[in-house]
Amino acid sequence: MPKEYRTIQEVAGPLMLIKDVEGVTYNELGEIELASGERRRCRVLEINGTDALVQLFENSAGINLSNSKVRFLGHGIELGVSEDMLGRVFDGMGHAKDSKVEIIPEKRMDINGVPMNPAARNYPDEFIQTGVSAIDGLNTLVRGQKLPIFSGSGLPHASLAAQIARQAKVLGTNEKFAVVFAAIGITFEEANFFITDFKKTGAMERTVLFINLANDPAIERIATPRMALTAAEYLAFDKGMHVLVIMTDITNYADALREVSAARKEVPGRRGYPGYMYTDLATLYERAGRLKGKDGSITLIPILTMPEDDKTHPIPDLTGYITEGQIILSRELYRKNIAPPIDVLPSLSRLKDKGIGKGKTREDHANTMNQLFAAYARGKEAKELMVILGEAALSDVDKLYAKFADEFEKQYVSQGYNNNRTIEETLSIGWKLLFILPRSELKRIKDEYLDLYYGK
């Protein structure tokens, strides 16, 4: 039986100081019992000699210092895992939220996980088809990759996240594929959108959903992504599944980190975020990947809204350093009714070359991808010139490029949120658009592929 302490010294906001404790460790879970018999949970933030500073999961209202007692449970926050998690909805602490019974765990895992040994990692090189042309064709997602989506407030990242969760699959295999979806600090309306969407489309059967609402405590927000990654590690490395983890919104997670840091009176870093935010985000993102000798894999798509659409803000800035590229949503395209409004030029998947080509997608993929990028960039320049100097200043070829840019946005990027395109469809739309340009302009494509596909 854990030892009980009646030595609560003070409570300040979400923090509580307990004196004269023995053998208590950092991150250990504790339980506070109020005089009424009500129990609340807390987590050890700091140990100073025999003093323990803990953080409360629930609010501090009604805690009477002299009548309340605390006991420490001897372990950190754990998640009970089992294959029965698929198709279920949990709150940010891993408790059933869908009015069904709690699952019977096969085992309990510490949510902080164990860092992956870099030498045991397998290089990501298998194509994942998301059904979204702007990702599959131009910024390809590869199994085991970390590819964030940088969005802005009010942009439809939720619809894109739900679309990827519904459509994503590894091609040409019958391997088990699962989605772990972590919603961090979102509104009830958004949570409802995800649950209804997954149930309606049948994607729920292969999905584990963790939902932390905006009115839940900040400490729970910090635990939610770790809960999701723990479930993913179990499904991937114990059960051999390919797991896609989608997290939205990392900005809410970082804000909770800042709130906790301020409560602890730590010295703030850039924009008030803690100086260790880089390390903290890395402990999340680096849990994705593939392990040698294991069949499963974890692919991670974190979604974050950039405050004021600023990609130099600390959250997108640090995320960009840790992950392998980014998909950027554009407000300008959103205003033009392009759905999803993916801005392909500043977007980047650093592993795209590894997941495409013969036997993975198609032999002409790399050539057409480079040509589409180049033609779209030149088309956008031609359109800017047209705005400044008028259409008369453009050469005939420039006018074709300007037309290409418009058609590219309308046909290739804009496909709606319910259209699931195969990689073949995406490539043939690319070829159809390249036919707008004369063959002599397509300098980035080998002649053999032009003979095969140009104008066909």
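Keep in mind it's a predicted model, so treat the numbers as computed, not measured.
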Any heavy-atom pair between the side chains of [Y] and [X] that's under 4.5 Å?
| X | Y | value |
| --- | --- | --- |
| Ile315 | Tyr273 | yes |
| Phe57 | Arg40 | no |
| Met85 | Phe90 | yes |
| Ile164 | Ile246 | yes |
| Asn64 | Ser66 | yes |
| Val21 | Ile18 | yes |
| Leu86 | Leu235 | yes |
| Leu45 | Val54 | no |

If the threshold is 4.0 Å, N to carboxylate O, is there a salt bridge linking [X] and [Y]?
| X | Y | result |
| --- | --- | --- |
| Glu31 | Arg41 | no |
| Glu126 | Arg290 | yes |
| Asp98 | Arg88 | yes |
| Lys336 | Glu409 | yes |
| Asp317 | Arg270 | yes |
| Arg121 | Glu286 | yes |

Classify the side-chain pair [X]/[Y] by whether it contains a donor and acceptor separated by less than 3.5 Å.
| X | Y | result |
| --- | --- | --- |
| Glu266 | Tyr276 | yes |
| Arg226 | Thr283 | yes |
| Asn370 | Thr368 | no |
| Arg421 | Ser133 | yes |
| Glu28 | Thr25 | yes |
| Thr130 | Gln167 | no |

Which pair of heavy atoms, one from [X] and one from [Y], lies closest together, and at what distance?
| X | Y | answer |
| --- | --- | --- |
| Ile303 | Ala161 | CD1-CB, 3.4 Å |
| Phe237 | Gly289 | CZ-O, 3.9 Å |
| Pro105 | Gly80 | CB-CA, 3.5 Å |
| Asp343 | Ser330 | CB-CB, 3.6 Å |
| Glu22 | Tyr5 | N-OH, 3.0 Å |
| Pro217 | Asn212 | O-ND2, 4.3 Å |

**Request:** Go through the steps to decide whether Glu259 and Leu257 satisfy the test side-chain contact (heavy atoms from CB on, under 4.5 Å), and finish with yes or no.
**Result:** CA-CA 5 Å; Glu259 197 179 312; Leu257 213 57; over 6 Å; no
First locate atom [atom1] of [X], then atom [atom2] of [Y], and finally report the distance between them rounded to the nearest 0.5 Å.
| X | Y | atom1 | atom2 | result |
| --- | --- | --- | --- | --- |
| Glu190 | Leu213 | CD | CG | 10.0 Å |
| Ile298 | Leu229 | CD1 | CG | 6.5 Å |
| Arg39 | Glu33 | CZ | CD | 4.5 Å |
| Leu333 | Ile338 | CG | CD1 | 6.0 Å |
| Lys19 | Asn48 | NZ | CG | 8.5 Å |
| Ile211 | Lys97 | CD1 | NZ | 6.5 Å |

Check: [Y] main-chain N/O paired with [X] side-chain donor or acceptor under 3.5 Å:
| X | Y | answer |
| --- | --- | --- |
| Gln326 | Pro346 | yes |
| Thr422 | Glu425 | yes |
| Lys380 | Leu345 | no |
| Ser82 | Asp84 | yes |
| Asp136 | Thr140 | no |
| Ser347 | Ile328 | yes |
| Ser60 | Leu56 | no |
| Glu46 | Arg264 | no |

Report, as yes or no, whether the 6.0 Å neighbourhood of atom [atom1] on [X] holds more than 12 heavy atoms from other residues, nucleotides or ligands.
| X | atom1 | result |
| --- | --- | --- |
| Lys292 | NZ | yes |
| Phe188 | CZ | no |
| Tyr321 | OH | no |

**Pairwise side-chain hydrogen bond (donor to acceptor under 3.5 Å, both in side chains) hits with a residue in residues 299-314, at least two apart** =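 For residues 299-314: Asp249-Thr305, Arg271-Asp310, Asp309-Arg331, Asp310-Thr312.
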**Request:** Output, in order, the C-alpha distance, side-chain angles, deciding distance and verdict of side-chain contact (heavy atoms from CB on, under 4.5 Å) for Leu53 and Leu15.
**Result:** CA-CA 7 Å; Leu53 182 71; Leu15 304 181; 4.2 Å; yes
**Check: Phe181 ring centre within less than 6.0 Å of Phe198 ring centre** =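 Yes, they do, as the ring centres are separated by less than 6.0 Å.
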**Request:** Could you check Gln145, Lys352, Lys146 and say which one makes a side chain to side chain donor-acceptor pair (under 3.5 Å) with Glu324?
**Result:**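 Passing option: Lys146.
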**Request:** Would you sort out whether Leu372 and Tyr412 count as a side-chain contact (heavy atoms from CB on, under 4.5 Å), showing the intermediate values?
**Result:** CA-CA 10 Å; Leu372 286 167; Tyr412 195 96; 3.9 Å; yes
**Message:** Show, in sequence, the C-alpha distance, side-chain angles and deciding distance for Glu83 and Tyr234, and conclude whether the side-chain hydrogen bond (donor to acceptor under 3.5 Å, both in side chains) test is met.
**Reply:** CA-CA 9 Å; Glu83 266 192 85; Tyr234 166 77; 5.4 Å; no
**Prompt:** Can Arg221 and Asn252 be said to form a side-chain hydrogen bond (donor to acceptor under 3.5 Å, both in side chains), step by step?
**Reply:** CA-CA 8 Å; Arg221 203 150 304 147; Asn252 295 336; over 6 Å; no
**Request:** Begin from the C-alpha positions of Arg108 and Glu78 and carry the test salt bridge (charged side-chain N to carboxylate O under 4.0 Å, His left out) through to its verdict.
**Result:** CA-CA 6 Å; Arg108 304 194 74 82; Glu78 292 179 332; 3.7 Å; yes
**Request:** Run the numbers on Tyr253 and Asp280 for side-chain hydrogen bond (donor to acceptor under 3.5 Å, both in side chains), then give the verdict.
**Result:** CA-CA 11 Å; Tyr253 169 81; Asp280 194 279; 2.2 Å; yes
**Message:** Pair Arg287, Thr230 - check side-chain hydrogen bond (donor to acceptor under 3.5 Å, both in side chains), show working.
**Reply:** CA-CA 9 Å; Arg287 287 170 74 174; Thr230 306; 3.1 Å; yes
